[in-house]
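Below: one structure in C-alpha cells.
No experiment lies behind these values; they were computed from the predicted model shown. Per chain, numbering begins at 1; letters A, B, ... match sequence-line order.
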Amino acid sequence: MTGPAPGWDLLFDLQQLLQFHFMQNALLTGTIVAVPAGAVGYFIVLRGQSFAAHTLSQVGFPGAAAGILVHTSPLAGLLAFCTASALGIGFLGRGLDAGRRGESAVIGTVLAFSLGLGLLFSRLYAGSAQGVYAFLFGTILGISDADVAITAAVAAAALAALGVMARPLLFGSVDPDVAQARGVPVRALSMAFLVLVALAVAQAVQIVGTLLVFALLVAPGAAALQLSARPWLGLGFSVALALLFTWAGLAVAYFTIYPVGFFVTTFAFGTYLALRVGRALLAARRLPAPA
Amino acid sequence: MGNAEMTAGARLLEAGAEAPDSAALAIRVEGAAVRHGRETVWSRVDLSVRPGEFVAILGPNGAGKTTLVRAILGVQALAAGSVTVFGRRARRGNDEIGYLPQRRHFDPDLRIRGTDLVRLGLDGNRWGLPLPFAARLLGSDADRRVRRAIEMVGAAPHAGRPVGELSGGEQQRLLIAQALVTGARILLLDEPLESLDLNNQQAISSLVQRLCREHGVTVLTVAHDVNPILPYLDMVVYVARGRVLAGSPEEVIRTEALSRLYGAPIEVLRTRDGRLLVVGQQEAVSFHGGPPAR
C-alpha cells in the first residue's frame, strides 16, 4: 500500500495534508486545543502542579468511557469528569501555601479511584479494546464536526478566563503569601486554575490521549521556562511550542504509518532535552570565566 | 525619637490605655485579641507606632508574632478590639503596607526575573493581562516605579536574572523592593534576617535602617535575634504567654519586665560588646505551651 508521500514542494505537501475532511478536522482541533494547553501548561509548570494535571488526565479515561456508555460524546464525559475532579481536588486539598502541599494526598486517592472506574467502564463498554486504546492514545483522526464546535467553544472560554486571571494567578503562583496580603484571592484562583487545567486536559486528550497528554500540557511550558525568564514572553513561547508540536506531529504522522501521539511526544521531549542541554552548556562555559 | 511621650517603665498595656490621636499614628492596635479555635493566641493587646519608627517584634516561637503581623495586614480576623493603619481599619491589599513573609527561599528552578517579581508587587493583584502598548499610551509610570524601588534597595545589578539563581541576600533585597514598590509607608518584615549569612544580615539590617531613617518608612520586623538591629530600634514589642509588652528596648528587655511578662524568672544579660542575652526563655516557652506560629 502506498500512502501519501511528502516532497520538496511544500504547497503540494500542504494540499495533500488538507485533502481529506478528517485531516482538516484534526489540524483544526489540534490548533484549537494546543493554544489553551500551552497557556495553561506554562502555569502548571510554574506552579509545580504536574501531578494534579497528570491525575486530571487519568480521570479523563473513565470520563470518556462514561460518555460513550450513556451515549453522549466521549468529549462530554471527559469535560464532566475532569471538571468534577478538579473541583474535588481543589476543595479537599485546599490548605496552606495556596493548597499546593495538602493537594498531593488527595490527588493520589482520586487518581487510583478514577483508574478503577475506568477499568469498570471499559469492561461494561462492549467494544472495549478499540475504545480503550483510543482514550489512552488519542483519537485525533476520528473527530466529528460537533466535537470540533464544542472544543472551540470550550477553548475560547478557557482562554478568556485565563486571560482575566493571568496576572493575579502569576502572583499567587510565585509568591502566595504576599499575593494574599495584597488582596489576591489566592485560594479561589487555585481552584479556578484547576478547573482550567481540567478543561485543557479534556481537550488535549482528544489529540494525544490520556497517557500522552503531558506532551501538550507540560512539555511546552517546561521548554518555555527554559527559553525565557520573562513571564509573558514565556507564556507566548509555551503556546507557540504547543502549536508547533501538534502541527509537526500531525503532519509527520500523516506521511508515515506511525501514530500521531508518538511524534507529538517525541518532538516535545526532543525540544525540552535540547534546551536543557543547551542551557547547561552555556552555564558551563560561563562559570570558569570569573576565575 | 519622641520617646518622651512614652510612659516611663515597661508595663503590660491594658485595654483603654491612653494613646495619641490614631490618625497621626502609623499603626494603632486597641484591645485586640486573636483566637485559633478555642485557644487564645494573645489578648488585650494595645500598641501605638508613630510614622518613621523602627520596631522589633520579639518573643518565643509560637507566641503569635506572625499572627500580630497578619492582624496588621488585615488577613487575620480579630476576636476582639481593632487595628488601624494611618487611622483606617486594617484591610487586605492596602498599598500603604509592604509585607515580607517569613521566607522560605525561592525554588532554585523558579525562572522569573527579579524585575518581574518586583512588578508583581505593584500590579500583580490586578485582573487581566498587562498590555505594554496600552500602558505606554496611557503614560503608565509602572516601569519607572519598579526601577526606582530596585535602585532604592541596591538590587539593580541582579534584577534581570531569574530569582531562583540569586543568593539569599539578593532575593531579600528584591523582596524589600517588591514590598516598597507601591509607595508603601510601612514595611512589615517577618524574620528578614533568618537564613542569611552574617554579612548579608548586616547588609539587610543597615538597608532597612536606611529606609527607615532616610525615607521615613515605618518598619516593624519580627526578629529571632534582636542584636543585629538593636542599635537602630525605637521600640520593642515583646509577645509571650498571650500578652504583649511594648516600649523602648531599655524598658522592655530587662530582667524584671520580661520575668513579669513570662510569669517566670528570666534574666537579661548584657555582654561587654553590648549584645543582649535573654536567659531562661526555654522554660518559659514550655510553660507557655501556646499554639504554633500562625
Side-chain angles (χ1 to χ4, degrees), chain A residues 39 42-43 45-48 50 95-98 100-101 159-189 192 221-238 275-276 279 283 286-287, chain B residues 66 69-76 90-104 106-107 109-132 159-166 171 174-176 178-179 181-182 184 188 190 294:
Chain A
Y42 178 80
F43 285 100
V45 177
L46 192 70
R47 296 166 64 80
S50 298
L96 292 176
D97 199 16
R100 269 184 274 172
R101 228 158 276 150
L159 271 181
L162 188 65
V164 169
M165 65 192 241
R167 190 160 31 174
L169 181 66
L170 179 72
F171 199 3
S173 308
V174 173
D175 209 345
D177 292 326
V178 178
Q180 198 198 12
R182 294 281 292 128
V184 173
V186 175
R187 277 187 192 158
L189 278 179
L225 276 162
Q226 297 297 317
L227 274 174
S228 173
R230 292 167 186 259
W232 309 118
L233 192 62
L235 188 60
F237 277 138
S238 185
L275 286 170
R276 281 308 287 253
R279 268 175 40 83
R286 218 179 301 145
L287 267 185
Chain B
T66 298
V69 167
R70 290 169 57 82
I72 296 167
L73 278 171
V75 295
Q76 171 67 58
R91 58 180 169 86
R92 270 167 55 144
N94 188 342
D95 278 353
E96 291 186 316
I97 301 183
Y99 170 50
L100 248 82
Q102 202 163 5
R103 185 53 60 180
R104 62 293 166 204
F106 284 110
D107 189 337
D109 287 335
L110 181 63
R111 299 210 11 104
I112 293 289
R113 294 176 308 162
T115 317
D116 301 311
L117 193 71
V118 176
R119 178 64 184 260
L120 282 172
L122 184 63
D123 58 12
N125 55 347
R126 288 201 210 134
W127 300 99
L129 283 164
L131 300 169
R161 285 172 53 205
V163 175
E165 294 175 8
L166 300 176
Q171 290 184 3
L174 283 165
L175 287 165
I176 293 174
Q178 184 200 46
V181 71
T182 52
L188 291 182
D190 200 343
R294 294 155 171 278

> Measuring heavy-atom distances to chain A, does B/Leu110 have an atom under 4.5 Å in its side chain, in its backbone, in both, or in neither?
Replying inline: side chain

>> Would you say that B/Thr115 contacts A/Arg230 through its side chain, given a criterion of any heavy-atom pair below 4.5 Å between the two side chains?
In response: no

>> I'd like to know if A/Arg167 and B/Asp123 make a salt bridge, using a cut-off of under 4.0 Å between side-chain N and carboxylate O.
In response: yes

>> Consider side chain to side chain contact (heavy atoms under 4.5 Å, CB included). Of B/Asp95, B/Leu120, B/Leu122, which one does A/Arg182 pass it with?
In response: B/Asp95

> Nearest heavy-atom pair of B/Trp127 and A/Pro168: which atoms, and what distance?
Replying inline: CE3-CG, 3.6 Å

> What part of B/Asn125 lies closer than 4.5 angstrom to a heavy atom of chain A: side chain, backbone, both or neither?
Replying inline: both

> Distance from A/Phe171 atom CZ to B/Arg119 atom CZ, nearest 0.5 Å?
Replying inline: 12.0 Å

>> Please rank B/Leu73, B/Val75, B/Ile97, B/Ile112 by heavy-atom pairs under 4.5 Å with chain A and give me the top one.
In response: B/Ile112

> Looking only at atom types and distance, does a side-chain atom of B/Arg111 sit under 3.5 Å from a main-chain N or O of A/Leu225, one as donor and one as acceptor?
Replying inline: yes

> Measuring from A/Asp175:CG to B/Phe106:CZ, what's the distance to the nearest 0.5 Å?
Replying inline: 4.5 Å

>> Quick check on A/Leu189 against chain B: is it the side chain, the backbone, both or neither that has a heavy atom closer than 4.5 Å?
In response: side chain

> Nearest 0.5 Å, what's the CG-CZ distance between A/Asp177 and B/Arg70?
Replying inline: 7.5 Å

> Measuring heavy-atom distances to chain A, does B/Leu117 have an atom under 4.5 Å in its side chain, in its backbone, in both, or in neither?
Replying inline: side chain

> Which bit of B/Thr182 comes within less than 4.5 Å of chain A, counting heavy atoms only: side chain, backbone, both or neither?
Replying inline: side chain

>> Tell me if the CZ atom of A/Arg279 is crowded by more than 12 foreign heavy atoms within 6.0 Å.
In response: yes

> Given the options A/Gly183, A/Ala229, A/Pro231, which has more heavy-atom pairs under 4.5 Å with chain B than any of the others?
Replying inline: A/Ala229

> A/Ala181 versus chain B, heavy atoms under 4.5 Å apart: side chain, backbone, both or neither?
Replying inline: both

> What closest approach, in Å, do B/Arg92 and A/Val184 show between heavy atoms, and which atom pair accounts for it?
Replying inline: NH2-O, 3.3 Å

